[in-house]
Amino acid sequence: MSVAAPAAAKPAVTANTVTRDLELGDFNKGYLNLLSQLTKVGDYDEGTFTGKAWVEEQPGAFQGQCARLRPRPLSAMLLAARFEELSKMKDTYRVVVIEDLDKQQIIATATLVVELKFIRGCGKCGHIEDVVVDSTYRGLRLGLRELGCYKVILDCSEDNAPFYEKCGLIKKEVQMVKYL
């Protein structure tokens, strides 16, 4: 007779969590690792995320030696440029994170793209993308607030639909996609 191992204990959610906009320093707090629980992210180092243009070819050179520098790959500059671009568009494109302040770790993220409409009195429609909660924090009712939108649209897998129905979303119409 075998005995199942006990489930991993969930961390307690306390006042030491904060919901805020994504910051450059979140690379060091596990932001890209968190996204990798959702989809393929790519191989980035801190310099790629923060946009440092040069990288040491001989990291940790001995004292008195000059480290040789080489230009960082184009992907690094594109990622930093993308972060800067998004930082200027917070009214229409917003990346929100939840940080566990005790662990200094990003534990959840979601992106809200706000579509500006002519209908509904020039209303706004929010599209939620890239929603992920760290696997050890799932089931703790972490959430995302809308930004003055008359509706919010979320595309998700069939497997995740029951969860979002519990959050008050309903199945409506059909999603179609063509990857280019």
Side-chain angles (χ1 to χ4, degrees), residues 5-60 67 69-90 92-113 126-147 152 154-164 166-167 169 177 179:
K10 296 280 184 189
V13 176
T14 66
N16 290 325
T17 61
V18 64
T19 301
R20 59 171 175 76
D21 291 335
L22 178 69
E23 299 171 353
L24 270 177
D26 290 338
F27 175 86
N28 292 321
K29 296 179 180 181
Y31 177 71
L32 294 178
N33 290 333
L34 175 66
L35 283 179
S36 72
Q37 294 181 33
L38 176 68
T39 190
K40 181 180 177 186
V41 175
D43 294 323
Y44 300 115
D45 62 13
E46 179 183 3
T48 301
F49 195 71
T50 59
K52 295 176 184 170
W54 297 91
V55 63
E56 288 186 41
E57 284 189 336
Q58 298 174 334
L69 298 177
R70 64 176 166 78
R72 188 166 294 285
L74 180 60
S75 63
M77 290 178 246
L78 290 174
L79 190 61
R82 176 56 46 90
F83 186 89
E84 181 65 27
E85 181 181 10
L86 295 177
S87 296
K88 295 176 183 174
M89 300 170 40
K90 289 189 179 179
T92 56
Y93 197 100
R94 189 165 181 192
V95 181
V96 178
V97 299
I98 298 177
E99 179 181 355
D100 180 328
L101 296 174
D102 290 335
K103 294 183 178 181
Q104 296 185 358
Q105 178 182 351
I106 303 302
I107 60 171
T109 187
T111 299
L112 178 65
V113 180
H127 298 263
I128 301 173
E129 291 284 337
D130 303 336
V131 178
V132 63
V133 175
D134 185 276
S135 60
T136 60
Y137 289 81
R138 291 179 190 157
L140 298 177
R141 301 188 171 270
L142 301 172
L144 174 70
R145 288 180 255 163
E146 301 88 24
L147 297 176
V152 176
L154 171 75
D155 294 326
C156 68
S157 69
E158 285 292 328
D159 293 343
N160 290 336
F163 170 76
Y164 290 113
K166 288 179 192 175
C167 295
L169 282 81
V177 67
Y179 291 99

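Within 6.0 Å of CD in E85 there are more than 12 heavy atoms belonging to other residues, nucleotides or ligands. For Q104, the CD atom counts as loosely surrounded, since its 6.0 Å shell holds 12 or fewer non-hydrogen atoms of other residues, nucleotides or ligands.
Annotation for T109 and Y31: closest pair OG1-CE1, 3.5 Å, computed over non-hydrogen atoms. Residues A110 and V131 come closest through the heavy atom pair CB-CG2, 3.9 Å. Of all the heavy atoms in G126 and L112, the pair that sits closest is CA-CD1, 3.7 Å.
For the atom pair NZ (K40) and CG (L35), the distance works out to 14.5 Å, reported to the nearest 0.5 Å. Atoms CD1 and OG1, from I107 and T19 in turn, are 8.5 Å apart once rounded to the nearest 0.5 Å. Taking NE2 from H127 and CG from D155, the interatomic distance works out to 8.5 Å, rounded to the nearest 0.5 Å. Here the CG-CD1 distance, from D134 to I106, works out to 11.0 Å after rounding to the nearest 0.5 Å. Atom CG of D100 is separated from atom OG1 of T136 by 9.0 Å, given to the nearest 0.5 angstrom. If you take OG on S87 and CG on L24, they are separated by 7.0 Å, rounding to the nearest 0.5 Å.
Listed by chain and residue number, nothing satisfies the side chain to side chain donor-acceptor pair (under 3.5 Å) test with Q105 (two or more places apart in sequence, or in another chain). By the salt bridge (Lys or Arg N to Asp or Glu O under 4.0 Å) test, D130 pairs with no residue at all, sequence neighbours left out. Contacts of E129 classified as side chain to side chain donor-acceptor pair (under 3.5 Å), with partners at least two apart in sequence or in another chain: none.
Residues S157 and D159 bring no donor and acceptor atom of their side chains to less than 3.5 Å of each other.
Among V95, L86, V96, the one residue that satisfies the side chain to side chain contact (heavy atoms under 4.5 Å, CB included) test with L22 is V95.
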Let me see the working for R20 and D26 under side-chain contact (heavy atoms from CB on, under 4.5 Å), right down to the final yes or no. CA-CA 11 Å; R20 59 171 175 76; D26 290 338; 2.6 Å; yes
Are Y137 and I98 close enough, and set up right, to give a side-chain contact (heavy atoms from CB on, under 4.5 Å), and what steps lead you there? CA-CA 11 Å; Y137 289 81; I98 298 177; over 6 Å; no
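Residues V132 and R138 meet the side-chain proximity criterion, which asks for heavy atoms closer than 4.5 Å.
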